[in-house]
Every structure is written in structure tokens, then in C-alpha cells.
Amino acid sequence: RRVHGDLPQHFLAEQKIFRTAMEAEGTNNALKAIWNQKEFNNACITHFGRLFVILFYAEWQPESKSLLEIFKKYSTTFPDALFLTVEADTLTELAGSFGVETVPTVVFTSSAKTVLKKITEVSPPELFRSIEEQLGIFKVNFENERLLWFARIEDLLGRSSVLLFIKGTPEAPRCGFTETLLGLMSQQGVTYDSFDILSDEGMRNWLRFYSKWKTYPQVFINGKLVGGLDVTKDLITKGKFLEMVPAENKTEDPKAKLMRLISSQKIMVLTNGNPVELEKNESTPEETKRLLKLISERKADFYFYNYAADEGIKPLVEGKGDIQVFVDGKHIGGASELLSHIEAK
């Protein structure tokens, strides 16, 4: 019977009844009914590393119905394989992608979605022999591939203390989770290397198998999986993330550094240059010179920080005046405000 996309109306009611019966078989982990493309794609991710045995059938066809019973039986005989049932007239696109033209047809494949073997004239003995044969071949080939991919992954992990597997690049992230993770790395002042898993389907699939973590992005530190975005957020909130990061990958975020500086002393004065040189420089405003001289004469308990020499902090302060004054971490103004404060005492 050839596959087509138009089912007679009286078969549609039967389809609903049949689907309910098939879903009741869900207790068998080796047997799964596929009703849409999304379910098939999810199966490819969830069951990476298993041989797929797919039965394309027609619900109204007696031959298909009897073969479904055999299929269920074999799924318990060969639990290492994943047995999928697909109603061919419902999922014509999926059937077409495997070159299915008649039903019933059995296709042997994997999450790679390439046809390993196809049987169009299906008999129980031939099906049994084919499953046995294809399962043996698949296991050998998969193990060989696993060794190659794990070696490649471990080589990548060995090259970087902090490695992010992301969708896109730091310059052009291609998902919101990746963008959020990169923002967190920047906020924490952590340097890292990255790998775009969208550029390499093999790496995308095998890394999930290697790390036993199904989603992206993934964070690795010193070759070990930390987790995804939510785990990283939680570690940051608890103050544990930076404890895991090697010293060579830590660079203090300029904003965080500025906050630390202005909160470290009772009175912190940020200056656009060395205070001594500013006092002598002819181009320095007279008000600033007078303030610096007054502080020096009174030996006031002020702490200075030359922000002009700090390329990270400089853009955050530059343009707001040669002198910026912070008391107890709060900005009170520039030279004129501090001068008035000192002269009033």
C-alpha cells in the first residue's frame, strides 16, 4: 500500500482510538509511538547512542496491525534498541525523508537520521535477524565513534581553564540563554574561551552524551562540567562561582572595582592624574589646585586614587571633573563641594 496524505474520514475516528491504545504502551521504554516531527526530534536527542528501528505503518491496514504486535514483542527482546512506530499517512514528510513509499516499511537508523537498512517486504523472521545484525554493527561503530569524539572533546577541554559551549559567538550570541551567560561572565570578570555548537552538529550531539547534560549553554571549568545557565546563576548568587574559577581567568569588572574602591575608605577622592602633578600643572583649574594644597596642608584623612591611570575605571569617571569625591561610598560632588566642606570646618 502506497503512502499518501489523504485519509478517508471514517479512518480518522479509528485513528484517535488507535492512538490512545498506542499511548497506553508508554510503560515500555524501548517502544515509542511518534505522532509529530517534534517528538521524533526529541527522541533523537534523548536516545542518542541507540539504534532506532522505525515501523512506518497504516492504522487501517491488517498487515500493519499484525506487524505492530510483533514490533511490541521484539522491543522487549531487544531493549538496547529504540522501537518507534510512525503512522505514515499522518507524518508523510518524515516518511519521505527516509524514502518510505509503501507500508509497512521498517527503517533502521539512529539520531544521525541516515538510513542504515530498509525492509519493505517485512516478515517476522527477517525482522528478527535484521535487528540482531544491525544492533551488533551499530554498537561496534558507535563505540569507535565515541572514542574519537571523546578524545576530541577532552582535547578541547584541556586547552582552556574556562570553556563555554554556546549557541553563536560572544560577538553574536544566537540564543537568549547564551547572551545571559556571557553577560554573567562579564559581570564576574571571568575570561573564557568558547565553542559555537551550532557550527558543528557532531559536537553538539556528542557533547550532550559526554557531559550527560542535554541543554546548552554548558560551562566547563578545569575540564569538568559546572552546568548550564541556571546552575551558574545559582553558584554566583551563593558566592561560590568565583571560588571555582582559576586565578588566571579572573579580571575584576571595572564597575565592581569602582564600587570596591569608593566603599573601601571613609573619604575617597578620585583624581584625573597624580595629585602632586595636578597641583603643579598650569592647566589644572585653580579651584582644584587650591583644594589639593588645602588637603596637603591640613593633612586631611583623605585617600586618593588616580583614575586616569586605570583604563577600566577611566571611562566610568572621565568627563565628570578632575576630582570626584565619595563619602561612605556615596558621591557628594567635585572639587567645589569638597572645598566648601573643608573650609567650613
ask   = Can you check whether Thr215's main-chain N or O pairs, donor with acceptor, with Gln218's side chain at less than 3.5 Å?
value = yes
In short, Lys72 meets Leu31 closest at the heavy-atom pair CG-CD2, 3.5 Å
Answer yes or no: is there a side-chain heavy-atom contact under 4.5 Å between Thr191 and Val162? no
On a heavy-atom basis, the closest approach of Asp196 and Ser199 is O-OG, 2.6 Å
Point to revise | Atom CZ of Phe48: over 12 foreign heavy atoms under 6.0 Å | key: yes
One should read off an interatomic distance between Ile34 CD1 and Asn41 CG, to the nearest 0.5 angstrom, of 9.5 Å
The reported gap from CG in Leu225 to NZ in Lys212 (rounded to nearest 0.5 angstrom) is 10.5 Å
Counting neighbours of CZ on Arg174 that are heavy atoms of other residues, nucleotides or ligands and sit closer than 6.0 Å, is the number greater than 12?
no
Beyond-backbone contact of Leu164 with Thr178, side-chain heavy atoms, under 4.5 angstrom:
no
> Is the shortest side-chain N to carboxylate O distance from Arg129 to Glu132 below 4.0 Å?
Replying inline: no
Residue pairs passing the ring-ring contact (aromatic ring centres under 6.0 Å, His included) test with at least one member in residues 72-93, sequence neighbours excluded, are Phe71-Phe83, Tyr74-Phe128, Phe78-Phe128
Is there a side-chain contact between Leu181 and Tyr192 (heavy atoms, below 4.5 Å)? no
Give a yes or no on whether the backbone of Ala151 and the side-chain of Asp155 come within a donor-acceptor separation of less than 3.5 Å. no
In short, Val245 meets Asn249 closest at the heavy-atom pair CG1-CB, 3.6 Å
Looking at Asp200 and Arg204, is any side-chain nitrogen of the basic one under 4.0 Å from a carboxylate oxygen of the acidic one?
no
Handout entry: hydrophobic_cluster_shared for Tyr210 and Ile45, side chain cutoff 4.5 Å
Key = no
Q: Assign the ring pair Phe98 / Phe40 to parallel, tilted or perpendicular, where the plane angle (0 to 90°) is split at 30° and 60°.
A: perpendicular
- Query: Passes side chain to side chain contact (heavy atoms under 4.5 Å, CB included), Met203 versus Ile153? Steps please.
  - Reply: CA-CA 8 Å; Met203 179 62 74; Ile153 291 169; 3.7 Å; yes
Can you confirm whether Lys73 is buried at NZ, in the sense that more than 12 heavy atoms of other residues, nucleotides or ligands lie under 6.0 Å from that atom? no
In terms of relative ring orientation, are Trp206 and Phe209 parallel, tilted or perpendicular, with 30° and 60° separating the classes? perpendicular
Indicate whether the side chain of Lys117 and that of Ser130 have a donor and an acceptor atom separated by less than 3.5 Å. yes
**Request:** Determine whether Ile131 and Phe108 make a side-chain contact, defined as any pair of heavy atoms from C-beta on separated by less than 4.5 Å.
**Result:** yes
Applying side chain to side chain contact (heavy atoms under 4.5 Å, CB included) to Leu207 and Phe195, what does each step give before you reach the verdict?
CA-CA 11 Å; Leu207 184 65; Phe195 187 97; over 6 Å; no
- Message: Atom CD of residue position Glu248 - does it have more than 12 heavy atoms of other residues, nucleotides or ligands inside 6.0 Å?
- Response: yes
Practice task
Answer whether the closest heavy-atom distance between the side chains of Val100 and Leu94 falls below 4.5 Å.
Solution key: no
Do Gln134 and Ile137 make a side-chain contact, defined as non-hydrogen atoms from C-beta onward lying under 4.5 Å apart?
yes
Full working for side chain to side chain contact (heavy atoms under 4.5 Å, CB included) between Asn144 and Leu148:
CA-CA 7 Å; Asn144 290 336; Leu148 291 172; 5.7 Å; no
In short, Gln61 meets Pro104 closest at the heavy-atom pair OE1-CD, 3.4 Å
inquiry  = Are Leu91 and Phe56 packed together at the side-chain level, in the sense that at least one heavy-atom pair is separated by less than 4.5 angstrom?
reply    = no
d(Leu84 CG, Glu39 CD) to nearest 0.5 Å is 10.0 Å
Residue pairs passing the ring-ring contact (aromatic ring centres under 6.0 Å, His included) test with at least one member in residues 216-254, sequence neighbours excluded, are Phe165-Phe220
Interatomic distance, CG@Leu135 vs CZ@Arg50, rounded to 0.5 Å, equals 10.0 Å
Quiz item: Counting only heavy atoms not in Lys233, do more than 12 sit closer than 6.0 Å to its NZ atom?
Solution: no
Rounded to the nearest 0.5 angstrom, the CD1-CD1 distance for Ile262 and Ile267 is 13.5 Å
- Checking side chain to side chain contact (heavy atoms under 4.5 Å, CB included) for the pair Asp328/Lys266: CA distance, chi angles, key distance, verdict? CA-CA 5 Å; Asp328 292 328; Lys266 175 72 175 176; 2.9 Å; yes
In terms of heavy-atom contacts, Leu51 and Thr109 come closest through CD1-O, 3.5 Å
Interatomic distance, CG@Leu68 vs CD@Glu63, rounded to 0.5 Å, equals 11.0 Å
- Query: Is a donor on one side and an acceptor on the other found under 3.5 Å between the side chain of Ser64 and the backbone of Tyr57?
  - Reply: no
Item checked: Derivation of the salt bridge (Lys or Arg N to Asp or Glu O under 4.0 Å) call for Arg290 and Glu287 -> CA-CA 5 Å; Arg290 188 153 57 94; Glu287 189 177 50; 5.2 Å; no
Review point. Between Lys32 and Thr85, is any pair of side-chain heavy atoms under 4.5 Å apart?
Key: no
Check your understanding: Counting heavy atoms not belonging to Lys250, are there more than 12 under 6.0 Å from its NZ?
Key -> yes
Residues Trp213 and Gly228: closest non-hydrogen pair is CZ2-N, 3.5 Å
